[in-house]
Trainee: 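Let me give you the structure first, and then I'll get to my questions.
Residues: numbered from 1 along the sequence shown.
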Amino acid sequence: MRAMILAAGLGTRMRPLTLTTPKPLLSVGGKRLIEYPIERLVAAGVTDIVINHAWLGQQIEDYLQDGSRYGARIQYSPEIEPLETGGGILQALPLLCERGDEPFLVLNGDVFSTHPLRQLTQVAPAPGGAHLVLTDNPPWHPAGDFALQASGQISEQGEPRLTFSGMSVLTPQLFDGATETAFALAPLLRAAMTRGRVSGERHQGWWEDVGTPERLAQLDQRLRNGRI
C-alpha cells in the first residue's frame, strides 16, 4: 500500500510561524511535524509516500529529499495553487495508483497521532469507497463530523457523532467523475456514504490537530516531557 501526506495548506492559523516556514516543517518535540507520520508509515511497512505541497513547498523537498534517510521513497506532487484536499489527491493519483486500482492511505500532515497504522494497511474498501478513522470530538469541534454505526459503517447522520481524524484509506474510484481542479474531499465521502461504501473505526491513542501555535507548544511540551 502507498500513502499520501497532505501538506499543501497555507498554515494561516499558524502565523507568524508559517510566514517563512511551511507548517509541515515546524519543529515539535525535537523533530519536524511531518517527520512523525513518515516514520510511523515506514514502521507500518509503508515506504512509498507521496507528499503534496504548495506554500513554500520547495523547503519541504529540500529538507526531506528522496526520503531515503527514513527508509522511504518520497515523491512530490507540487501545486501551483492549493487544490484543497480532494483536488490535491486527484492530482496525485497517478503516483499513488501507478500499479493499478489499489487503495491507498491518506494522512493529514498537520495531525499528530499514535493510532496504529499497520492495521489500516489491511483494509480494502470496495471500489468507490473509503475507510475513515474517527476520533472523539475535541473542544473546538464539539458537533463532530460523521456517525459511526455499530456495524462499522459511517453515515452523515446518527450517533455517536465523532470527528474525522484526518486518516483514511481511499480508493481511486472515489474520484471517478470529478471534474473540478480544486475541491474538498468531504462531499465525495458524503456521496459514498449514501451508497453504503464508507466504513470506519475509532482512533486509538493520542490525537492532536496541530492547528494553532498554542496547540503546537502544548504538543511540544508533552513530547519533551515524555507524556506521549
Side-chain angles (χ1 to χ4, degrees), residues 1-7 9 13 23-24 26 28-29 31 33-46 49 51 85-86 89 103-126 129-171 174 184-186 188-190 192-193 196-212 214-216 218-223 225-228:
M1 183 176 283
R2 297 189 175 189
M4 181 173 185
I5 299 176
L6 301 176
R13 292 182 299 164
K23 187 176 180 180
L26 294 178
V28 59
K31 297 180 184 179
L33 185 58
I34 199 170
E35 290 183 287
Y36 290 98
I38 291 173
E39 291 174 351
R40 293 180 60 245
L41 285 167
V42 171
V46 180
I49 302 171
I51 299 175
T85 50
I89 297 169
F104 51 90
L105 268 165
V106 177
L107 306 179
N108 284 4
D110 58 357
V111 163
F112 178 89
S113 166
T114 60
H115 184 80
L117 296 180
R118 189 173 294 276
Q119 65 192 39
L120 289 179
T121 67
Q122 308 303 312
V123 176
H131 183 85
L132 311 182
V133 179
L134 303 183
T135 189
D136 293 337
N137 300 327
W140 58 90
H141 192 56
D145 296 309
F146 307 118
L148 179 60
Q149 310 297 331
S151 63
Q153 292 296 111
I154 291 180
S155 59
E156 191 171 1
Q157 304 297 330
E159 297 292 339
R161 293 193 62 77
L162 300 168
T163 293
F164 178 41
S165 71
M167 289 178 281
S168 59
V169 178
L170 306 182
T171 61
L174 181 68
L185 178 63
L188 298 185
L189 293 174
R190 293 189 181 99
M193 288 174 195
R197 294 194 171 229
V198 180
S199 60
E201 62 187 77
R202 292 192 76 137
H203 185 276
Q204 303 171 40
W206 187 272
W207 180 85
E208 185 75 55
D209 176 3
V210 191
T212 65
E214 292 76 20
R215 291 183 212 157
L216 182 73
Q218 292 168 2
L219 178 61
D220 181 70
Q221 187 175 35
R222 291 188 183 100
L223 287 168
N225 292 341
R227 288 188 282 162
I228 298 178

Trainee: Ignoring hydrogens and angles, tell me if any N or O in the side chain of Thr85 forms a donor-acceptor pair with the backbone of Leu185 under 3.5 Å.
Mentor: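 The answer is yes, because a donor-acceptor pair under 3.5 Å joins these two groups.
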
Trainee: Test your reading of the model: is there a side-chain donor-acceptor pair from Asn137 to the backbone of Pro142, 3.5 Å cut-off?
Mentor: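 Checking the backbone N and O of Pro142 against the side chain of Asn137, a donor-acceptor pair under 3.5 Å is found.
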
Trainee: Pick out which of Gln153, His131, Met193 makes a side-chain contact (heavy atoms from CB on, under 4.5 Å) with Val198.
Mentor: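 Among Gln153, His131, Met193, the one that satisfies the side-chain contact (heavy atoms from CB on, under 4.5 Å) with Val198 is Met193.
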
Trainee: Mind listing the closest non-hydrogen atom pair of Val123 and Met1 along with its distance?
Mentor: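 Result for this residue pair: O-CE, 3.7 Å.
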
Trainee: Quick one: does Ile5's side chain get under 4.5 Å of Leu41's, heavy atoms only?
Mentor: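 Yes. Closest side-chain heavy atoms under 4.5 Å.
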
Trainee: Kindly indicate, with the supporting measurements, whether the criterion side chain to side chain contact (heavy atoms under 4.5 Å, CB included) is fulfilled by Leu223 and Lys31.
Mentor: CA-CA 10 Å; Leu223 287 168; Lys31 297 180 184 179; over 6 Å; no

Trainee: Is it the case that the side chain of Asp220 and the backbone of Gly29 share a donor-acceptor pair, with hydrogens and angles ignored and the cut-off at 3.5 Å?
Mentor: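 Present.
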
Trainee: Where the side chain of Arg197 meets the backbone of Ala126, is there a donor-acceptor pair that is under 3.5 Å apart?
Mentor: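 Not a single qualifying donor-acceptor pair exists.
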
Trainee: Checking Arg161 side chain against Ala143 main chain: does a donor-acceptor pair fall under 3.5 Å?
Mentor: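 Yes, the answer is positive, given that a donor and an acceptor are paired below the 3.5 Å cut-off.
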
Trainee: Could you walk me through whether Leu132 and Phe146 pass the side chain to side chain contact (heavy atoms under 4.5 Å, CB included) test, one step at a time?
Mentor: CA-CA 10 Å; Leu132 311 182; Phe146 307 118; 4.0 Å; yes

Trainee: Taking the side chain as everything from C-beta on, heavy atoms only, tell me whether Leu219 gets closer than 4.5 Å to Ile228.
Mentor: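 They are in contact (side-chain heavy atoms under 4.5 Å apart), so the answer is yes.
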
Trainee: Side chains of Val133 and Trp207: closer than 4.5 Å at any heavy-atom pair?
Mentor: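 No. Closest side-chain heavy atoms not under 4.5 Å.
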
Trainee: So do Phe112 and Arg222 actually touch side chain to side chain, heavy atoms under 4.5 Å?
Mentor: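 Counting from C-beta outward, Arg222 and Phe112 never come under 4.5 Å.
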
Trainee: How far apart are the closest heavy atoms of Pro103 and Pro125, and which atoms are they?
Mentor: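 Of all heavy-atom pairs spanning Pro103 and Pro125, the closest is CB-CD, 4.1 Å.
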
Trainee: Within this structure, what is the NE2-OG1 distance for the pair His141 and Thr135, rounded to the nearest 0.5 Å?
Mentor: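 Spacing of NE2 (His141) from OG1 (Thr135) equals 11.0 Å.
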
Trainee: How far apart are the C-alpha atoms of Glu208 and Gln218, what are their side-chain angles, what is the distance that settles it, and do they pass the side-chain hydrogen bond (donor to acceptor under 3.5 Å, both in side chains) test?
Mentor: CA-CA 10 Å; Glu208 185 75 55; Gln218 292 168 2; over 6 Å; no

Trainee: Decide yes or no on side chain to side chain contact (heavy atoms under 4.5 Å, CB included) for Glu201 and Leu120, but give the supporting numbers first.
Mentor: CA-CA 10 Å; Glu201 62 187 77; Leu120 289 179; 3.4 Å; yes

Trainee: Determine whether Leu117 and Leu107 satisfy the following criterion, side chain to side chain contact (heavy atoms under 4.5 Å, CB included), listing intermediate values before the conclusion.
Mentor: CA-CA 10 Å; Leu117 296 180; Leu107 306 179; 4.1 Å; yes

Trainee: Is a side-chain N or O of Lys23 found less than 3.5 angstrom from the main chain of Gly109, in a donor-acceptor match?
Mentor: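 No; zero donor-acceptor contacts below 3.5 Å.
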
Trainee: Taking all atoms of both residues into account, what is the closest heavy-atom pair of Trp206 and Thr114, and its distance?
Mentor: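 What the structure gives for the nearest pair is N-OG1, 2.7 Å.
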
Trainee: So, Ser165 side chain and Met167 main chain: donor-acceptor pair closer than 3.5 Å or not?
Mentor: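 A pair under 3.5 Å: yes.
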
Trainee: Counting only N and O atoms by type, is there a donor-acceptor contact under 3.5 Å from the side chain of Ser199 to the main-chain atoms of Gly152?
Mentor: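 Side chain of Ser199 to backbone of Gly152, a donor-acceptor pair under 3.5 Å: no, none is there.
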
